[in-house]
Amino acid sequence: MSEAAAAASRPRRIAVEEAFALPAQLDAYRAADPRGDGDLRFWHNILSGAFPEVVSRLLDIGEGRIAMMDALGIDMQVLSLTSPGVQVLDAAAADALARDANDAIAGAMARFPGRFAGLATIAVQDPPAAVREMERAAGLGLTGIVVNSHTGGRYLDEPDFLPVLEAAEALCLPVYIHPRTLPPAAAGPYAYGLESGIWGYAAETGLHAMRLILSGVLDRFPDLRIVLGHMGEGIPYWLYRIDYMHALRARRMPDQPATAPSAIFRRHFHITTSGMNDPDALRFCLAKLGPERILWAVDYPYQEPEEAVRWIDGMALDDGVGIAILAGNAERLFRLSPLLETRS
Ligand code: MN
């Protein structure tokens with residue numbers, strides 16, 4: 001069967017948490033944490049040569065990446081600058097690098113029409129600059145933003161960041177809250193490497209999402225959409241207990257939001273399967289949230305795309321559910337036109 005015939009006989013696949021890096025970003029990380037004993041320890045290890053293939057894959061948003069996508073039947077990647085993006089740099093450097101990152105995505109989208117979409121990088125630490133860059137990035141055709149969880153130990157529910165949430169809603173840019181290492185003040189007890197993807201990322205990113213939910217800030221932005229990777233960073237599993245404890249507190253503390261946290265979660269959040277190729281976890285989330293809230297993702301290049309494709313195909317989902325998770329939900333959420341399909 002030709003590649004075109006194979007593409008026509010399978011569901012369209014869009015992967016939505018797919019990372020890239022810029023050389024200037026990696027240089028900035030080297031300079032910011034030369035000894036690897038700070039916030040960027042993870043990057044110090046990577047840049048010291050621990051995972052050379054990760055670096056070369058991150059730096060390629062050209063032919064090499066397209067060849068991988070063709071070989072595995074991935075029609076489109078939604079690109080985002082790899083974590084922690086620009087949120088560890090000073091505000092001016094962050095804004096400059098954010099612009100370069102968004103221009104790089106727009107360049108890849110133009111060079112390979114229909115194969116890439118993008119989440120804009122913004123300097124969260126400078127909200128007016130972040131809003132300006134969101135407007136510019138939307139003009140370039142980027143259709144979401146990525147926020148690598150905390151910025152200097154601060155979270156999006158804080159009043160300073162209201163303009164960012166407001167712009168995201170107004171520009172129809174879903175906010176993908178992606179993990180990063182914990183703030184130093186919280187990282188102390190995370191021994192044995194627990195601060196990383198094995199546990200700390202989900203704890204940190206889940207905390208960020210729960211702050212948005214319990215602060216009540218989302219009530220002000222009814223059309224704002226938030227995306228969590230890694231099957232919802234644990235939150236779907238905890239929804240029953242979160243609601244139970246919220247109701248218990250709400251009886252005594254009238255300042256609690258009246259709406260159940262699970263209702264806020266179902267209204268504002270989508271989750272993706274990035275890095276969670278677990279059939280039981282997907283079945284649970286389908287039962288808990290419904291198929292329209294779940295999007296497929298690989299977490300390239302940190303996890304193997306071949307495994308993610310094999311896994312989702314092996315789930316043997318009903319046609320409608322499979323199509324929604326693999327592409328339909330991403331097309332709707334990120335306003336990706338199916339007409340951009342240009343495989344030949
Ligand atoms: Mn990721």
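Counting convention: from 1, in listed order, for ligands and their atoms alike.
Side-chain polar atoms of Thr82 and Tyr302 form a donor-acceptor pair below 3.5 angstrom. A donor-acceptor pair shorter than 3.5 Å can be found between the side chains of Glu204 and Ser149.
The Mn ion (ligand 1) sits nearest to atom OD1 when only the N, O or S atoms of Asp299 are considered. Looking at Glu17, its N, O or S atom nearest to the Mn ion (ligand 1) turns out to be OE2.
Two residues are said to be in side-chain contact when any heavy atoms from C-beta on lie closer than 4.5 Å; Pro236 and Phe269 fail this criterion. Considering only heavy atoms from C-beta on, Arg65 comes within 4.5 Å of Gln77 through its side chain.
Contact annotation: His178 places an N, O or S atom under 2.8 Å from the Mn ion (ligand 1).
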